[in-house]
Novice: 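Dumping the structure here so I can ask a few things about it.
Residues take their numbers from the sequence shown, with the count starting at 1. Each ligand, and each atom within it, is numbered from 1 in the order the structure gives.
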Amino acid sequence: MNALNGTEGVLRPTAWLIRHADLYDPEPRGLHDVLVVGERVVAVAPHLPPPRLGPDADVAVVDLRGARLVPGFVDMHVHLAGGGGEGGFLHRTPAVPPSALAAAGTTTAVGLLGTDGVTRSVQELLATVRAVNDAGLTAYMYTGAYEIPTRTITGSVRADIVLIDRVLGTGEIAVSDDRSSHPSEDDLAHLAAETRVGGLLSGKAGVLHLHMGAGRRGLEPVLDLLARRDLPPAMFVPTHLNRNERLLEQAVALAKLGGGVDLTAGLDRPAGDTAEIPAPRALRRLLEAGVALERITLSSDAGGSLPVFGPGGELAGIDVGRPRTLWQAARAAVLDEGLDLATALATVTANPARRLRLDAKGRVSAGADADLVSLDAELQVDRVWARGALVARRGRALLRGPFEGAFA
Ligand code: ZN
């Protein structure tokens with residue numbers, strides 16, 4: 001559309017009439033038509049006539065012929081501005097390009113820093129988040145980094161959440177990890193309180209997103225805190241809970257209190273003492289243990305550095321997490337673990353949207369943002385619409401950031 005903003009491949013008619021969709025909103029609804037005008041879904045019904053929008057309007061009609069249509073994915077853990085660096089400066093990972101999000105079906109991403117709060121800044125993250133929004137997707141962020149006192153833009157977590165529209169909470173704060181600040185219960189309680197009040201004052205979720213490491217106490221610091229302090233469990237959203245058996249067990253206890261349980265899509269280090277539980281299997285096991293589906297989310301950790309292990313379990317290199325692992329994990333929950341499509345979908349659409357209080361996301365109904373994904377017969381991502389624009393087709397991005405591939 002405009003060579004200057006790099007989105008020339010994107011299709012953005014006045015309206016879309018998407019016909020004969022096997023709709024999952026994310027509950028299965030059967031065959032429906034969906035009408036999109038501008039950036040919003042305006043009608044969903046078994047049959048919709050073409051809209052009358054005036055002589056200048058162009059209405060694109062797409063017949064999905066019974067293909068599945070689902071909400072765009074909401075990924076609550078993306079190192080949008082890059083991360084890593086734990087193998088030295090050469091291993092700092094690059095920013096996640098908007099095209100990779102679009103191709104993955106990720107229409108909403110929440111950015112965060114990680115281990116490196118020194119050469120990375122929340123200011124730079126905010127700029128990256130704004131760029132992703134300018135490209136036509138939706139992005140938010142958490143303020144902070146692994147450490148406590150954590151990194152902020154204004155000097156306070158509370159003020160960042162209140163004053164900066166894109167900031168939804170605090171994260172990822174490292175707990176039970178040798179790279180953490182080894183936070184005390186008071187440290188965590190104080191940070192949680194600041195986050196909560198920031199959320200209350202701004203009408204946002206005010207979540208505390210915790211990176212859980214392989215440390216021996218696991219989720220105990222969080223469970224102890226909830227037993228002793230007056231803080232709402234729902235604001236705690238620890239992640240990487242499929243890192244080991246102990247964390248997964250403790251996650252059941254946290255979920256029963258009302259806390260969020262976030263599983264990382266790419267974790268699948270093979271057997272041994274430190275065995276990770278692949279997210280699709282961890283999801284099935286949590287459900288079998290009686291955890292309410294609405295508590296469980298999946299996220300990709302895209303942009304983060306990923307150790308790669310050789311056949312003998314030795315470190316063989318460092319790779320970078322990719323956005324597409326999010327849907328690969330949800331899809332594998334259906335194909336390999338036997339879960340319903342609606343169940344798998346909830347963990348990457350309605351559940352993260354609800355946890356983050358993003359009311360226009362994670363659903364397909366009148367008034368929602370027009371973030372949609374059509375799936376092919378193998379449940380792979382085909383078309384992706386973000387805020388009413390077609391940004392990917394056959395799983396390939398139409399959308400490009402302005403300088404993507406400039407140095408290829
Ligand atoms: Zn992490």
Novice: By the salt bridge (Lys or Arg N to Asp or Glu O under 4.0 Å) test, which pairs, at least two apart or in different chains, include something from residues 226-238?
Specialist: E185-R228, E185-R229, D186-R229

Novice: What protein N/O/S atoms sit under 2.8 Å from the Zn ion (ligand 1), by chain and number?
Specialist: E172 OE1, H211 ND1, H240 NE2

Novice: When you compare the side chains of D75 and S300, does any donor N or O come within less than 3.5 Å of an acceptor on the partner?
Specialist: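 There is such a pair (donor and acceptor under 3.5 Å, judged by atom type) between the side chains of D75 and S300.
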
Novice: What pairs of residues pass the side-chain hydrogen bond (donor to acceptor under 3.5 Å, both in side chains) test when at least one of them lies in residues 355-369, not counting sequence neighbours?
Specialist: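 Sorted pair list: R40-D369, T138-K361, K361-D369, K361-D371, R363-S365.
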
Novice: Return all side-chain donor-acceptor pairs below 3.5 angstrom for residues 17-24, not counting sequence neighbours, or 'none' if the list is empty.
Specialist:
from	atom 1	to	atom 2	distance (Å)
R19	NH2	L48	O	2.8
H20	ND1	D63	OD1	3.0
H20	ND1	D63	OD2	3.3

Novice: Return the minimal non-hydrogen interatomic distance between H211 and Y146, and the atom names on each side.
Specialist: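 Nearest pair, atom of H211 first, then Y146: CE1-OH, 2.8 Å.
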
Novice: Regarding D262 and T297, do their side chains bring together a donor and an acceptor under 3.5 Å, going by distance alone?
Specialist: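 Present: a donor and an acceptor within the cut-off.
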
